[in-house]
Amino acid sequence: MTALAVLIVAGPLAGPLAVALRARARAAGLAGTAGAVVSLAAAIVLLATQLHRAPLRGWGGFLYVDALSGFFLLTVAGVTVLAAIGSVAYLSAEEDAGTLRPFQVRLYFIFFGLFAALMLASLETGNLGLLFVLVEASTLASAALVGLEGKARSLEAAWKYVIISSLGVTIALAGTLFLFYAGSALHLSSDQRLTWPYLFTHAAALAPQPLRLAFLLAVVGYGTKVGLAPMHTWLPDAHAEAPSPASAMLSAALLNTGMYAIIRFLAITQARLGAIFPHAVLLAFGFASVVIGVLFMIRRGNFKRLFAYSSVEHMGIIAVGLGFGGVLGLYGALLHTLNHAIAKAVVFLGSGDVALRYRTREAADVRGLLTAVPVAGGALLLGTLAVLGSPPFGLFLSELTIVRAGFAQAGPALPLLLLGLLAIAFIAFARTTMGMVTGQEPAPADPYRGRAAHWSRTIPLAVGLVTLLALGLWIPAGLNTAILHSMAAIS
Amino acid sequence: MEKLAATSPAGVLLDLSGVVILLLAFACLGSKLFNRYVAYYGAQSVVLAFAAAVAAWTFHSVQLWILAGFTFAIKGIGIPVATRGLLLRRLALGRDTAISTGLSTSLIAGGGLTAFAYLVTRPQLLPHGVVAAAVVPLSTAVILLGALAMVVRRHTVAQLIGWLIVENGVFLGAITLVATFPFIVEAGIFLDIAAGVLIMLVFVSGLTRQLAEASAAELRGLRG
């Protein structure tokens with residue numbers, strides 16, 4: 001079992017290893033993809049076995065995998081596979097086009113592998129201090145990806161990202177300290193006082209005042225990584241300037257990792273202080289994020305920024321789901337993390353093809369995608385519908401669950417507000433993307449003539465969309481059990 | 001360190017170090033020359049290393065001794081020297097002109113934040129009589145001052161140092177509030193900081209080459 005957990009983290013490192021062995025871009029990409037697939041397979045096996053056993057523990061609490069970790073591991077490993085396949089196509093094309101030098105391509109595969117491995121590792125640790133260390137390390141690895149192109153704009157985005165996120169995560173560290181302090185009265189060793197399962201079982205003995213402060217600091221700190229408003233300001237820049245597969249990783253994997261950390265703190269806080277205080281905090285940050293996300297989506301411009309603001313909105317929806325609480329709220333929030341991750345991976349990977357072909361990231365300059373690049377255009381159209389929560393895609397189901405949770409837990413006002421905001425988001429987002437996919441393609445000044453393998457562009461889009469559709473129509477029994485077990489692990 | 005009384009010699013020393021660290025944070029906030037800014041940060045880290053050594057000596061903790069050594073070598077000497085050599089001298093940075101408020105305004109705001117830190121952390125949070133009750137408000141104030149420096153200063157180098165001041169504040173809180181923080185975690189935090197500073201140095205020099213002057217005031221390309 002421990003070997004399986006190690007394999008999950010080690011899988012994505014195949015890419016950096018291949019680069020170290022002086023493989024060329026394509027080979028490194030394929031190695032990274034193979035590693036990611038191994039990692040996903042291991043995550044599925046681990047989750048499946050985990051459902052019938054006690055949580056996996058080892059190394060003095062530094063390794064701890066329960067159903068919740070397993071569920072997030074599945075999401076992140078799945079997204080890593082999609083993004084790794086997409087990377088092969090995107091990076092080869094960028095190299096052929098001369099945008100990136102071979103050295104930069106090698107750097108990309110090194111940091112992509114490290115980034116994925118660090119995120120997966122942070123989901124596997126039960127030690128909240130180590131969680132901070134790994135989350136901060138993953139920030140640094142992904143900042144290198146954001147600044148990869150080395151242009152003024154991408155360096156600016158990378159700078160904003162690294163400085164705001166580092167500050168945010170440092171605040172989360174202060175929260176972790178106060179949590180540690182809150183456990184002063186417990187007769188536990190210092191390692192155990194930072195280890196989640198011990199803290200959770202002994203939550204009743206934690207000091208309430210420091211715990212309250214710890215939760216607030218953790219939400220603000222890790223919320224910076226999640227992109228909760230008003231700490232979201234790095235997010236649109238980083239997502240817009242990173243290479244598209246890296247944007248997919250940021251939006252679909254990194255934000256979820258931050259949310260995972262918040263859920264861990266939420267579970268402890270809820271067990272000691274009751275639901276009212278943590279739920280109020282999450283509802284406040286959640287609604288702020290939905291409002292900010294929706295407002296900035298109205299503006300037309302860079303389409304990757306549009307997708308990024310949609311991520312802010314969706315993270316807000318997940319926080320609102322957690323804030324509504326109850327069985328429905330928690331179920332909806334967890335399901336939404338998975339659905340949103342897959343949908344955003346599809347949309348960002350599709351947008352990568354668009355950016356390559358049209359050499360622009362401005363929505364107004366892109367028209368006629370459906371005729372020009374049917375695969376990417378179609379994926380973008382369907383992905384848009386999925387992201388906006390139209391039936392029959394999975395996000396419809398999870399958003400509906402969250403709204404129902406609201407009616408059950410918080411009265412009609414808040415869920416109705418959420419529905420109203422979702423409607424505005426629908427119009428704003430669809431207005432831009434519909435303009436992109438329909439119409440006549442403008443004559444390209446500098447048509448793209450890459451020889452990137454076709455399969456590596458199509459596969460992630462097709463797999464992602466089929467999964468989303470399947471999740472909207474039917475939740476597999478195994479996944480349902482996994483989510484229910486995850487909920488049991490934290491309540 | 002929950003049991004260390006504020007009146008014990010070690011408690012007094014820690015308290016004193018906390019005060020000096022806070023004063024040095026103010027000095028950073030108020031200095032206009034990059035050289036001094038970085039030097040004050042280095043001095044602050046040296047005092048922090050001293051505080052860690054006091055804690056290590058009191059608790060006979062080998063791990064804290066190692067941390068004190070790391071703090072002295074990396075934060076006290078390594079980072080200031082690297083920043084001077086790689087950034088200030090090579091990029092010929094002298095005066096920081098990209099400050100969004102006057103220095104006196106930011107110092108007054110810093111005073112307000114310090115009062116706020118006392119208000120938030122003093123009353124019910126910590127039992128009276130232990131040294132943590134005296135030092136945690138100080139460390140909270142240092143965190144807020146570092147954040148303030150990041151807000152009012154728009155130069156990338158100044159923001160980098162601001163983040164490191166925040167980090168120092170957290171570390172000061174850590175050694176007094178919870179001296180028994182697991183060593184692996186502390187070591188990991190150090191590794192993160194070192195890697196973070198390295199990667200930020202790369203970004204700053206890249207940006208400087210691109211923009212002639214890497215002032216975040218000019219980082220206005222990405223908006224909305």
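Note that these values count all heavy atoms, side chains included, but never hydrogens, waters or copies made by symmetry. Given the structure is predicted, the values throughout are model-derived calculations rather than measurements. Below, chains carry the letters A, B, ... as their sequence lines are ordered, and counting in each starts from 1.
Only the side chain of A:Phe62 comes within contact range of chain B, judged by heavy atoms closer than 4.5 Å. Contacts between A:Leu194 and chain B at a heavy-atom distance below 4.5 Å involve the side chain alone, from C-beta outward. For A:Asn302, no part sits under 4.5 Å from any heavy atom of chain B, backbone or side chain.
Judged as a side-chain contact (heavy atoms from CB on, under 4.5 Å), and not counting sequence neighbours, the contacts of A:Pro243 are A:Tyr90, A:Tyr108, A:Leu148, A:Pro245, A:Ala246. Listed by chain and number, the residues in a salt bridge (charged side-chain N to carboxylate O under 4.0 Å, His left out) with A:Arg272 amount to none (sequence neighbours excluded).
The line from CG of A:Leu167 to CH2 of B:Trp163 is 9.5 Å long, rounded to the nearest 0.5 Å. Going from atom CZ of B:Phe171 over to atom CG of A:Leu173 covers 10.5 Å, rounded to the nearest 0.5 Å. Atom OG1 of residue A:Thr170 and atom CD1 of residue B:Ile193 lie 7.5 Å apart, to the nearest 0.5 angstrom.
More than 12 heavy-atom neighbours from other residues, nucleotides or ligands sit within 6.0 angstrom of CZ on B:Phe190. Residue B:Phe26 qualifies as enclosed at atom CZ: its count of foreign heavy atoms under 6.0 Å is above 12. Heavy-atom contacts from other residues, nucleotides or ligands closer than 6.0 Å to OH of A:Tyr64 number more than 12.
Neither side chain, A:Trp159 nor B:Thr156, offers a donor N or O lying under 3.5 Å from an acceptor on the other.
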Go through the steps to decide whether A:Ser166 and B:Met200 satisfy the test side chain to side chain contact (heavy atoms under 4.5 Å, CB included), and finish with yes or no. CA-CA 11 Å; A:Ser166 298; B:Met200 288 181 197; 3.8 Å; yes
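When side chains are defined from C-beta on, B:Val136 counts as touching A:Phe178, because their heavy atoms get closer than 4.5 Å.
When every heavy atom of B:Gly173 is checked against every heavy atom of A:Leu177, the shortest pair comes out as C-CD1, 4.5 Å. Between A:Ile163 and B:Gln159, the closest heavy-atom pair is CD1-O, 3.8 Å. In terms of heavy atoms, A:Glu156 sits closest to B:Leu207 at N-CD2, 3.8 Å. In plain terms, the two heavy atoms of B:Phe203 and A:Ala158 that are nearest each other are CZ-CB, 3.6 Å. Residue B:Val185 comes nearest to A:Val133 through the heavy atom pair O-CG2, 3.7 Å, listed as atom of the first residue, atom of the second, then distance.
Checked against A:Glu136 for a side-chain contact (heavy atoms from CB on, under 4.5 Å), the options B:Asp192, B:Leu191, B:Ile189 give a single hit: B:Asp192.
Taking A:Ala137, A:Gly147, A:Ala182, A:Ala174 one by one and counting their heavy-atom pairs under 4.5 Å with chain B, the maximum is reached by A:Ala137. Interface summary for chain B: among A:Leu140, A:Asn127, A:Leu134, the most heavy-atom pairs under 4.5 angstrom belong to A:Leu140.
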